[in-house]
*Asks:* 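Take a look at the following structure, please.
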Amino acid sequence: MIASASVRTCSAPDGRSVLGRLHAQSGRQLLGCDAMPVPLSGKHVLAYGEAVGDVFKALADPTRRALLDELLDRDGQTLFELCARLATRHGLGSTRQAVSQHLDVLEDAGLITTRRQGRYKFHTMNTAPLYVIVDRWLTSHKED
Amino acid sequence: MRINLTSVLVDDQAKALRFYTEVLGFLKKTEVPLGEHRWLTVVSPEDPDGVELVLEPDEHPAVRPFKLALLADGIPFTSFAVTDVLAETQRLQALGVTFTQEPAQMGPFTTAVLDDTCGNLIQITSM
């Protein structure tokens, strides 16, 4: 039940599951978080040592899940491309400011990082916080 | 009334003329010395009597921060129509042009966004 609930939490509006697809990808490092029963609300510290915001809160919003879906489709996008994808592929006519705020929440939760390259700014997906969820409720209960 | 001109604000007219003609493939239409700068326009070879693009100096102090803000968010200043965005992107990348957005399907359009080397992003679009 918990497993299906947590996967459902991460489903995109179109029913595709971000977490399910990530979990299916092999060869990803699990961050060495096997020994860490990390609290998944409030600020917590991942293995890479950064305080991050609430992952569930970040994933609770359908626009933010759509942003992650689009970054999974192609990583490293400008704000302009993300806005255009939300509008044309998801029917989400959010303002640029609103999308920018959604990206801030995702960045605070550690789910995306931004990188400046010259005068441009690109957004990159970071799956690390999702592995904490996988590890807490899926991996550690496999043997039960 | 009809629209006969549009403009891009460029940081260097000589560099802009090279990029817009030698790389993008437009043709120089008018060049009139005007003090420090020039009245400089290009047209598409597909429509030589059509709308002229003015390569306009960006020296007004309000322009640079505006251009930098658009660049940071990846927002194109204007958009040009091409027959095939994928093919055009490959052609331009082979010439060393930087793209901030690779070709992507956006509803009925395919779009890509390139850097004009003069401080602007330009979108190319095909149906």
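Here is the naming used below: chain letters follow the sequence lines, and residue numbers restart at 1 for every chain.
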*Asks:* Compare every heavy atom of A:P129 with every heavy atom of A:V55, then report the nearest pair and how far apart it is.
*Replies:*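 The pair with the smallest heavy-atom distance is CG2-CB, 3.6 Å.
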
*Asks:* Please identify, among A:R89, A:Q117, A:R74, A:Q77, the residue contributing the most non-hydrogen atom pairs under 4.5 Å to chain B.
*Replies:*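 Greatest number of close heavy-atom pairs with chain B: A:R74.
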
*Asks:* Specify which of A:K121, A:R119, A:R96 makes the most heavy-atom pairs with chain B at under 4.5 Å.
*Replies:*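 Between A:K121, A:R119, A:R96, the count favours A:R119.
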
*Asks:* Side chain, backbone, both or neither: which part of B:L70 has an atom under 4.5 Å from a heavy atom of chain A?
*Replies:*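 Interface part for B:L70: neither.
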
*Asks:* Angle class for the B:F80/B:Y20 ring planes (parallel below 30°, perpendicular above 60°, tilted otherwise)?
*Replies:*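 Geometry flag for B:Y20 against B:F80: perpendicular rings.
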
*Asks:* Within a 6.0 Å radius of atom CD on B:E46, are there more than 12 heavy atoms belonging to other residues, nucleotides or ligands?
*Replies:*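 No, the 6.0 Å shell around CD holds no more than 12 heavy atoms from other groups.
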
*Asks:* Please state whether the side chain, the backbone, both or neither of B:T111 comes within less than 4.5 Å of a heavy atom of chain A.
*Replies:*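 When you check distances to chain A, no heavy atom of B:T111 falls under 4.5 Å.
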
*Asks:* Could B:R64 and B:D11 be called an ion pair, given the rule that one side-chain N must be under 4.0 Å from one carboxylate O?
*Replies:*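 Looking at B:D11 together with B:R64, the answer is no, because their closest N to O distance does not fall below 4.0 Å.
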
*Asks:* Using modelled atom types only, decide if a donor and an acceptor are shared between the side chain of B:Q105 and the backbone of B:G107 within a distance under 3.5 Å.
*Replies:*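 Yes, the answer is positive, given that a donor and an acceptor are paired below the 3.5 Å cut-off.
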
*Asks:* Below 4.5 Å from any heavy atom of chain B, which atoms of A:R85 appear? Answer side chain, backbone, both or neither.
*Replies:*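 Answer is both: backbone and side chain atoms of A:R85 are under 4.5 Å from chain B.
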
*Asks:* Measure A:E81 against the heavy atoms of chain B and call it side chain, backbone, both or neither at under 4.5 Å.
*Replies:*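 Both parts, backbone and side chain.
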
